[in-house]
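Structure first, commentary second.
Remember, it's 1-based here, ligands and their atoms both numbered in the order they're listed. Throughout, residue positions are numbered sequentially from 1 according to the sequence presented.
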Amino acid sequence: MTEEKRRSTKRKRGHRRRGKSAGAAVTNNESSSVAASCGSASPIRSSSKSSSSFLDKMKAKLSGGYFRMLNEKLYTCSGDEALKYFKEDPSLFDVYHSGYQEQMSRWPEQPNDIIIKWIKDRSPSLVVADFGCGDARLAKSVKNKVFSFDLVSNDPSVFACDMSNTPLDSSSVDVAVFCLSLMGTNFPNYLQEANRVLKPNGWLLIAEVKSRLDPNTGGADPNKFVKAICELGFTSTSKDFSNKMFILFYFKKKEKQKSKDIEWPELKPCLYKRR
Ligand code: SAH
């Protein structure tokens, strides 16, 4: 075998091996956001269809890995650390969100849709605060005034901040929403902030990943979670365990609040498996 032939066989084997584990489950969407986050076009010129699809797979794999890394970061650091992290490289937020959308597309039902319907069934005069709004779909889907908060703002209607510290006035909103956003290790601070900005009798709506609140798989006890929020100053009005992937909690802010030492359960990170 000539030297060139040997090299070519080696290259082909390498492609086959890598091709097998490449993240086929990750979308083109993700691959384009990694390309975007890398700034410039790929320095590797692809001359054939097969090498370009190989490159796409590699980009998708990188992007899926990036998403899982960012997701784990958000679940294992505090809100102010997460804010600093994304401030340094806001393009990572797009990488995170295309991976997030890809995960969500596999869920039979979206918690955001249920919350949007809940709001639409009530008065459009209710003022809403969406804590950890992502792409601000909630604000775009209802007639209500919605204040949208997230770590990065790609849309003029979104205010970039750590949601434990929003610019809202105290007792100024009717509905506070946390849709899969109690990610930081200091999540009780987010709920304290919601308590501050809610009017008496205001609503607190929380959707959380089921596994984070499943004691059978190392998650927190949902009763302890509800108890802690009630001690913060809320009444639990209903819980919905009927969805496969998430739980919905509905609370109302009590008229009168007493300060208490609260025992918050730990919410385990929601880590997505490599596919
Ligand atoms: N609520 C949206 C997005 C959920 S993803 C939806 O249902 O589609 C969770 C979002 O919470 C992410 O966009 C993340 O950036 C945001 N988030 C997490 N911690 C945050 C914090 N401390 N302050 C502001 N946003 C936060």
Side-chain angles (χ1 to χ4, degrees), residues 29-30 33 37 66-119 128-142 144 146-155 157-168 175-194 196-197 204-212 240 243 245-249 264 267 269-272:
N29 226 358
E30 281 179 304
S33 63
S37 80
Y66 248 138
F67 163 69
R68 284 189 297 276
M69 186 273 282
L70 293 168
N71 184 59
E72 183 166 350
K73 170 83 191 162
L74 287 173
Y75 276 116
T76 52
C77 74
S78 62
D80 57 344
E81 250 180 89
L83 183 67
K84 266 188 231 143
Y85 189 76
F86 278 122
K87 253 192 191 157
E88 275 170 25
D89 187 353
S91 70
L92 292 180
F93 191 73
D94 297 337
V95 178
Y96 176 76
H97 270 283
S98 53
Y100 174 79
Q101 295 304 340
E102 156 64 12
Q103 291 294 334
M104 282 299 114
S105 68
R106 299 190 188 133
W107 288 23
E109 214 168 349
Q110 309 285 318
N112 224 345
D113 288 338
I114 298 180
I115 291 172
I116 288 168
K117 180 169 183 311
W118 186 96
I119 294 171
V128 180
D130 187 6
F131 289 81
C133 63
D135 59 6
R137 196 161 69 81
L138 195 164
K140 290 170 193 149
S141 310
V142 299
N144 306 54
V146 180
F147 294 101
S148 304
F149 303 101
D150 210 303
L151 295 164
V152 172
S153 167
N154 286 330
D155 182 312
S157 70
V158 176
F159 189 85
C161 66
D162 167 18
M163 62 191 173
S164 63
N165 187 14
T166 71
L168 292 174
V175 187
V177 173
F178 290 87
C179 187
L180 308 181
S181 57
L182 292 178
M183 302 181 86
T185 48
N186 61 327
F187 77 88
N189 297 143
Y190 310 151
L191 297 169
Q192 279 154 4
E193 178 67 353
R196 180 186 74 78
V197 303
L204 169 65
L205 271 48
I206 302 176
E208 254 318 320
V209 180
K210 219 168 200 175
S211 61
R212 304 189 76 197
D240 179 357
N243 290 286
M245 305 304 282
F246 57 89
I247 310 178
L248 278 157
F249 299 95
W264 290 96
L267 292 184
C270 162
L271 303 180
Y272 297 98

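Residue Y100 holds the heavy atom nearest to atom 4 (C) of ligand 1 of all those in Y75, F86, F159, Y100. Heavy-atom proximity to atom 1 (N) of ligand 1, evaluated over G79, G132, G134, is greatest for G132. When the heavy atoms of C161, A136, S78, S164 are ranked by distance to atom 24 (C) of ligand 1, first place goes to C161.
Under the 30°/60° scheme for interplanar angles, the aromatic rings of F93 and F86 are found to stand perpendicular.
The residues R137 and D113 are annotated as salt-bridged, a charged nitrogen and a carboxylate oxygen being separated by less than 4.0 angstrom. A salt bridge is defined here as a Lys NZ or Arg NE, NH1 or NH2 lying under 4.0 Å from an Asp or Glu carboxylate O, and E81 with K84 fails to meet this definition.
Looking at H97 next to ligand 1, an N or O pair under 3.5 Å apart turns up. Considering backbone and side-chain N/O atoms, M163 comes within less than 3.5 Å of an N/O atom of ligand 1. Residue contacts with ligand 1: D135 is placed with no nitrogen or oxygen under 3.5 Å of a nitrogen or oxygen of the ligand (distance criterion only).
Atoms of ligand 1 lying under 4.0 Å from any heavy atom of F93, numbered from 1 in the order shown and given with element: 13 (O), 15 (O). Each of the following atoms of ligand 1 lies closer than 4.0 Å to a heavy atom of L180: 9 (C). Listed by atom number, the atoms of ligand 1 under 4.0 Å from Y190 heavy atoms are 22 (N). Within ligand 1, counting atoms from 1 as listed, the ones closer than 4.0 Å to a heavy atom of D162 are 21 (C), 22 (N), 23 (N). Those atoms of ligand 1 that come under 4.0 Å of a heavy atom in M183, given as number and element, are 9 (C), 18 (C).
Contacts between N112 and ligand 1, counted as non-hydrogen atom pairs separated by less than 4.0 Å, involve the side chain only. With a heavy-atom cut-off of 4.0 Å, A207 does not touch ligand 1 at all.
Scanning both residues, S78 and N186, for their nearest heavy atoms gives CA-OD1, 3.5 Å.
For the ligand labelled ligand 1, residue F131 lies outside the 4.0 Å heavy-atom shell. Within the 4.0 Å heavy-atom cutoff, G184 does not count among the residues contacting ligand 1.
Side-chain atoms of Q110 come within 3.5 Å of backbone atoms of M104 as a donor-acceptor pair (strictly under, hydrogens ignored).
Annotation for K117: atom NZ does not count as buried by contact number, only 12 or fewer foreign heavy atoms lying within 6.0 Å.
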